[in-house]
Amino acid sequence: MWPFILWLEALMNTLDYTCVFGVDYQDARTKFLDSADRVAGRITTYRHPDETGPSGEELAIDVARLGSADAPRQLVIISGTHGLEGLSGSASQVAWLHTIAADALPPDTSVLLVHALNPWGFAHGSRTTENNVDLNRNFVDHSERYPENTGFSEFAPHMLPQDWTPQAFDQLNRAIADYCEAHGADAQFDALTRGQYDHPQAINFGGSKREWSNLTLEAIAREHLGAAQKIGFIDWHTGIGEWGESFFLCFNSDGSPEQDQAVKWWGEARILGQRPLGLQRPNYQGLVFSGLSAFLGERPMVGAVVEFGTRGREMRRALQLDIWLKFRARGDSPKIRMLREDMHDAFVPVSSSWRERTSAQAVTITDEALKGLSNW
Ligand SMILES: [Zn+2]
């Protein structure tokens, strides 16, 4: 009897995922704005000046403020840094909005939800921006020499096959295997993933200038976080970790007081010594985390990229598919449609159980951050 009752209880507490997930950018945006409005969130919209969605719809970063803009403690929660992962990030924000009352925030604490940081990628179903820039590698100093990544040039020539066939991966797979054999799996993962600034038609390209989303995040920090003295940070992502489970990438430096805070909020097991895909964490360059930290100056920020796992190491193929669809796909054949569906499902699985599990975890992780922030 007990297991049945527990199962029933779990079912009754499950959020209706169809109310928190959007089917596309426009639907997600509407759900976000409606949910924020229901708890008296105040919206500021930053319209994209040049780009529109696939149906000509407006693209924007929407910011919702809950609580007082003068609060000394503020939690910033971002979705859609990697465009299409925003379907999950948006649902994480909306799920949390569904669970709170308008006046339920801890004292002196306020929340700033940033919806669709990369709205072009969100609307067009790509990880990257309108310039094929990985926004999470774009926050470097573009007036300086770019961080070097010579290893990536071993992979770049094989990144973009003419046609998308099983044989087309062979060359890239061989280059990756050769690199692994020569330098080890950790070094290979680092070279492929840390970010590169030389190959604009390949994955993890950090760009050649600050993207509109990068400039807009600075404006958001200036206009909304002026009073914040202590800042919490969550940037929702997908693709790393076990299927449907959260995986944390905390970028506070090892041994820092901010890292200690992150451990208090979310636990040692999730914060310390994380190994994405079982490998050493790459030396990521140009992260949103670093960008926002710089915009805040001396004020301390504690937080993490929080991923929800999907296909594990199989994701490499989806990353390559993103580039192929952008630069090689022509027209709207059944094959192209099938590949686009696969791409979406790789980053935000259609599965109801994945969506229920991840939105429930998102609520808990957000509440833990809020509690931690108010005790900091
Ligand atoms: Zn991501």
Whether Trp120 and His124 hold their rings parallel, tilted or perpendicular, with breakpoints at 30° and 60°
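Because their plane-to-plane angle is under 30°, the rings of Trp120 and His124 count as parallel.
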Would you call the rings of Trp324 and Trp164 parallel, tilted or perpendicular, taking 30° and 60° as the class edges?
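Rings of Trp324 and Trp164: tilted, 30 to 60°.
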For a side chain to side chain contact (heavy atoms under 4.5 Å, CB included) with Phe248, tell me which candidate from Ile271, Ile234, Ile240 qualifies.
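By the side chain to side chain contact (heavy atoms under 4.5 Å, CB included) criterion, Phe248 pairs with just one of Ile271, Ile234, Ile240: Ile271.
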Using a strict cut-off of less than 4.0 Å between a Lys/Arg side-chain nitrogen and an Asp/Glu carboxylate oxygen, indicate whether [X] and [Y] qualify as a salt bridge.
X      : Y      : result
Asp332 : Arg340 : no
Arg210 : Glu218 : yes
Lys335 : Asp163 : yes

Nearest 0.5 Å, please: how far is CG in Leu105 from CD in Gln74?
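Those atoms lie 10.5 Å apart.
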In Å and rounded to the nearest 0.5 Å, what is the OG1 to CD1 distance from Thr44 to Ile220?
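That separation rounds to 8.5 Å.
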Mark yes when over 12 heavy atoms from residues, nucleotides or ligands other than Glu223 sit less than 6.0 Å from its CD; otherwise mark no.
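Counting neighbours around CD of Glu223, more than 12 heavy atoms of other residues, nucleotides or ligands fall under 6.0 Å, so yes.
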Would you indicate whether Lys371, at its atom NZ, is surrounded by more than 12 heavy atoms from other residues, nucleotides or ligands within a distance under 6.0 Å?
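Open.
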Under 3.5 Å, is there a donor-acceptor pair between the [X] and [Y] side chains?
X      : Y      : result
Ser110 : Arg65  : yes
Asn132 : Gln201 : no
Arg316 : Asn173 : yes
Glu211 : Asn131 : yes
Asn375 : Trp265 : no

Would a single hydrophobic cluster contain both [Y] and [X], if residues Ile, Leu, Val, Met, Phe, Trp and Tyr are joined by side-chain heavy-atom contacts under 4.5 Å?
X      : Y      : result
Leu33  : Phe21  : yes
Leu373 : Leu292 : no
Leu113 : Val76  : no
Leu225 : Val288 : yes
Ile203 : Phe327 : yes

Should Glu130 and His48 be marked as a side-chain hydrogen bond (donor to acceptor under 3.5 Å, both in side chains) after you check the CA-CA gap, both sets of side-chain angles, and the distance that decides it?
CA-CA 11 Å; Glu130 54 274 25; His48 199 300; 2.7 Å; yes
Assess the residue pair Asp27 and Lys31 against the criterion (salt bridge (charged side-chain N to carboxylate O under 4.0 Å, His left out)); give the C-alpha distance rounded to whole Å, side-chain angles, the decisive distance to 0.1 Å, and a yes or no.
CA-CA 6 Å; Asp27 186 31; Lys31 285 182 166 118; 2.9 Å; yes
Is there a donor-acceptor pair closer than 3.5 Å between any side-chain N or O of Arg137 and the backbone N or O of Tyr284?
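No, Arg137 side chain to Tyr284 backbone: no donor-acceptor pair under 3.5 Å.
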Can you tell which of Asp134, Asn118, Thr129 makes a side chain to side chain donor-acceptor pair (under 3.5 Å) with His82?
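Answer to the side chain to side chain donor-acceptor pair (under 3.5 Å) test with His82 among Asp134, Asn118, Thr129: Asp134.
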Run the ring-centre check on Phe308 versus Trp236 and record whether the distance is less than 6.0 Å.
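That pair passes the under 6.0 Å test.
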